[in-house]
Number of protein chains: 2
Amino acid sequence: MATGRPREFDLDERLDRALEVFRRHGYEGTALSDLTEAMGINKPSLYAAYGNKAALFSKALDRYSAGPASYVQEAMNAPTARAAAETLMRGSVDLNTCEPRGCLFVQGALATGPQGDPARAEVAARRDAGQEALHERFERALAEGDLPAGTDTEALARHIWAVTYGLSIQATGGATADELHRTVDLVLSAFPRPDATP
Amino acid sequence: MATGRPREFDLDERLDRALEVFRRHGYEGTALSDLTEAMGINKPSLYAAYGNKAALFSKALDRYSAGPASYVQEAMNAPTARAAAETLMRGSVDLNTCEPRGCLFVQGALATGPQGDPARAEVAARRDAGQEALHERFERALAEGDLPAGTDTEALARHIWAVTYGLSIQATGGATADELHRTVDLVLSAFPRPDATP
DNA sequence: GGAGTACTATACCGATCGGTACTGATTGCG
DNA sequence: CGCAATCAGTACCGATCGGTATAGTACTCC
């Protein structure tokens, strides 16, 4: 089995460029020609290297999770429930108030036509996974006494994520990092505190 | 000036059908053929009656504001800041957990390609207007002693709207009304209470 | 009832969509 | 050096996009 001519570009580096385009215009708003232009490769190279548009989007989501959005995983490993919530929200603000603005998990494919369905399903599944991960993190905190007994951890996780999504939407609308951090301050000031006496 | 043959359909009733399609698939995800099929009219009739796709979307936004999303205005007229926040969030949950799910102001056109730019700008402007309206409502509440002195009303308005947006996104992902209302409970339990003593 | 108007419906417009053959150059391996 | 495989580039595919011209029909007014 001969090896043949090697690829002349770096897969991940070009994937980063695709990621930026997807973040700016969403899955449906991005044309193949936008991608090939930004990535500096031709369509056949794109198909050979990544599959098709949907597969490229999926790979971009992976890269996004591991790179710009790695604060999500970081949050799950934070020492306290409060720190997890703060890491998540601050990370979202910092990420989404720089160009390209907006969270790929939210605006990548929120409502689509039929041909955007796979992309939409995929981002929805990833949002669900994030919700579940935070829920479990809060459940652990509850068991550790890091959250007051009786806390509705599912509703709390949903709240934190709802704020995180909402902040990213506001960021795309032009809100500044300072404005959004003040909102995070407000949310954190109301975050349930562990029971004083065990 | 002769009147000519009258229109055979009701403008607003067909606009409601267009609104439903836009809510399901967003501006870019909706094709003209989807619209004409759902509305039961032909393309030339659509153009004569509403202008073009962007104008139809704009009219659908108006109708959405005045109809399904009228709870937003209702919230601004609520007697207290807390009631305003509750009306907004509960209204969002109730609206977005029924088919078609999702808020048109959010998922109608969040990230788009070039030809979706006008629609995107329009929903962004309407979100901004909502933010400003709630901010002013909270400012009034502050002046009336309905919110504690020193409250960051802008951050509070941003928080409530962020939650509202986030809830609509979670609703499109399949969250139930009950789950989301529990989240609203949580947010309301942390809502600032008026100073006990004036 | 005739004139004029605005309707409906079909067919069509150029442009662009996602995706693919085809071509010729370039590389690694035997 | 020759073989085989993959590369980059162009041209092209059918389908669909938003939008419109054309044609035929149903209505109101005088």
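Being a predicted model, the structure only gives us computed values, none of them experimental. Heavy-atom basis, side chains included; hydrogens, waters and symmetry copies ignored. We name chains A, B, ... by the order of the sequence lines, and we start the count at 1 in each one.
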Backbone N or O of [Y] within a donor-acceptor pair of the [X] side chain at under 3.5 Å?
X	Y	result
B:Ser92	B:Leu88	no
B:Asp146	B:Thr80	no
A:Glu28	A:Gly113	yes
B:Lys53	B:Ala31	no

Give me each pair satisfying side chain to side chain donor-acceptor pair (under 3.5 Å) with a member in residues 131-143 of chain A, each pair once, sequence neighbours excluded. A:His135-A:Thr153, A:Glu139-A:Thr153, A:Arg140-A:Glu144

Distance in angstrom units between [X] [atom1] and [N] [atom2], rounded:
X	N	atom1	atom2	value
B:Phe57	D:dG19	CZ	P	14 Å
A:Leu46	C:dC17	CG	C1'	15 Å
A:Tyr47	C:dG19	OH	P	3 Å
B:Tyr50	D:dT20	OH	C1'	19 Å
A:Leu56	C:dG19	CG	C1'	14 Å

So, B:Thr30 versus B:Asp34: side-chain donor-acceptor pair below 3.5 Å or not?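 Side-chain D/A pair, B:Thr30 to B:Asp34: absent.
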
Is the closest side-chain heavy-atom distance between B:Trp161 and A:Ile169 below 4.5 Å? no

Within residues 153-173 of chain B or reaching into it, pairs that qualify as salt bridge (charged side-chain N to carboxylate O under 4.0 Å, His left out) - sequence neighbours excluded: A:Glu179-B:Arg158, A:Arg182-B:Glu154, B:Glu154-B:Arg158

Would you mind telling me which of B:Tyr50, B:Phe105, B:Phe22 makes a ring pair (Phe, Tyr, Trp, His ring centres under 6.0 Å) with B:Phe57? B:Phe22

Of all heavy-atom pairs between B:Ala78 and B:Ala84, which one has the smallest distance, and what is that distance?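 Reported closest heavy-atom pair: CB-N, 3.5 Å.
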
Ignoring backbone atoms, test whether B:Ser45 places a side-chain nitrogen or oxygen under 4.0 Å from the OP1 or OP2 oxygen of C:dC7.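 So the side chain of B:Ser45 is outside the cut-off, no N or O lying under 4.0 Å from OP1 or OP2 of C:dC7.
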
Hey, is [X] close enough to [Y] for a salt bridge, meaning N to O under 4.0 Å?
X	Y	result
B:Glu86	B:Arg82	no
B:Asp185	B:Arg90	yes
A:Glu122	A:Arg120	no

Expected list for residues 10-19 of chain A near DNA chain C, using heavy atoms below 4.0 Å, is none

Interface residues of [range] with DNA chain D (non-hydrogen, below 4.0 angstrom):
range	answer
residues 37-44 of chain B	B:Lys43, B:Pro44
residues 104-112 of chain B	none
residues 21-35 of chain B	B:Thr30, B:Ala31, B:Leu32, B:Ser33

